[in-house]
Amino acid sequence: GAGVSQSPSNKVTEKGKDVELRCDPISGHTALYWYRQSLGQGLEFLIYFQGNSAPDKSGLPSDRFSAERTGGSVSTLTIQRTQQEDSAVYLCASSYNLGGELFFGEGSRLTVL
Amino acid sequence: QKEVEQNSGPLSVPEGAIASLNCTYSDRGSQSFFWYRQYSGKSPELIMSIYSNGDKEDGRFTAQLNKASQYVSLLIRDSQPSDSATYLCAVLNSGGGADGLTFGKGTHLIIQP
């Protein structure tokens, strides 16, 4: 596609529910990144993929968070048993290769009640 | 802990003047540096990248890099009200992208008409 596409744009869920956030990167971009931005805060790096591989999961805030990427394209970030502190905007970005310029999607705003 | 520091502002500049945004970083091995603009409620948008010491100009924007001082700046000439936004400095750490870009918390710029 022309840009990074994320869905849903907004998600309101109840505490304890699972959520899935989807990212479709720019076509041809091999690297894909997930960041989190809480209200008024900076960007917190979560995880990156080079192809389908995520070599380092240590940036994920807890074991309730997981991510996968299939076919070297679409990625899904899953948050299990959501907590109120998970409320944030989840941003996906892609780059042509690892270490290149990042292009961001519009984000998925998650609100946990 | 690799850090990127920015003055949070707000930085208030009269319309038509030069806005100067500054950033320092801790990872001496960093090689790639980026400036992003983020409007309220929107995702970060890439403005410029810079890789070599010195100045790089693109329209009204000039990025300046001094690796010895671990300092990068962004100048905006002929500031317009539409330039009012949060400007994020981002640094590619010496790991080459393995932990994404490290972002500063951003400087909130206000251009006064």
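The sequence lines fix the lettering, A, B, ..., with proteins before strands; numbering per chain opens at 1.
Crowding of B:Lys67 atom NZ: a count of heavy atoms from other residues, nucleotides or ligands under 6.0 Å exceeding 12. Within 6.0 Å of OH in A:Tyr96 there are 12 or fewer heavy atoms belonging to other residues, nucleotides or ligands. No more than 12 heavy atoms of other residues, nucleotides or ligands sit less than 6.0 Å from atom CG of A:Leu39. Atom CD of A:Glu14 sits in a sparse spot, with 12 or fewer heavy atoms from other residues, nucleotides or ligands closer than 6.0 Å.
Residue contact with chain A, scored on non-hydrogen atoms closer than 4.5 Å, is absent for B:Glu45. With a 4.5 angstrom heavy-atom cutoff, A:Gln37 touches chain B only via side-chain atoms. No part of B:Phe33 comes within reach of chain A, as not one of its non-hydrogen atoms sits under 4.5 angstrom from that chain.
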A:Phe103 vs B:Leu46, test: side chain to side chain contact (heavy atoms under 4.5 Å, CB included). Steps then yes/no. CA-CA 7 Å; A:Phe103 296 89; B:Leu46 180 67; 4.1 Å; yes
Output, in order, the C-alpha distance, side-chain angles, deciding distance and verdict of side chain to side chain contact (heavy atoms under 4.5 Å, CB included) for B:Leu101 and A:Tyr35. CA-CA 10 Å; B:Leu101 299 183; A:Tyr35 285 84; 3.7 Å; yes
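Cluster annotation: B:Val72 and B:Ile47 are assigned to the same hydrophobic cluster (Ile/Leu/Val/Met/Phe/Trp/Tyr, side-chain heavy-atom contacts under 4.5 Å, transitive).
Separation of atoms NZ (B:Lys42) and CZ (A:Phe104) is listed at 15.5 Å; rounding is to 0.5 Å.
Judged by distance alone, with hydrogens and angles left aside, the side-chain atoms of B:Ser43 form no donor-acceptor pair with the main-chain N or O of A:Gly107 at under 3.5 Å. When atom types are taken as modelled, the side chain of B:Tyr36 and the backbone of A:Leu102 share a donor-acceptor pair closer than 3.5 angstrom.
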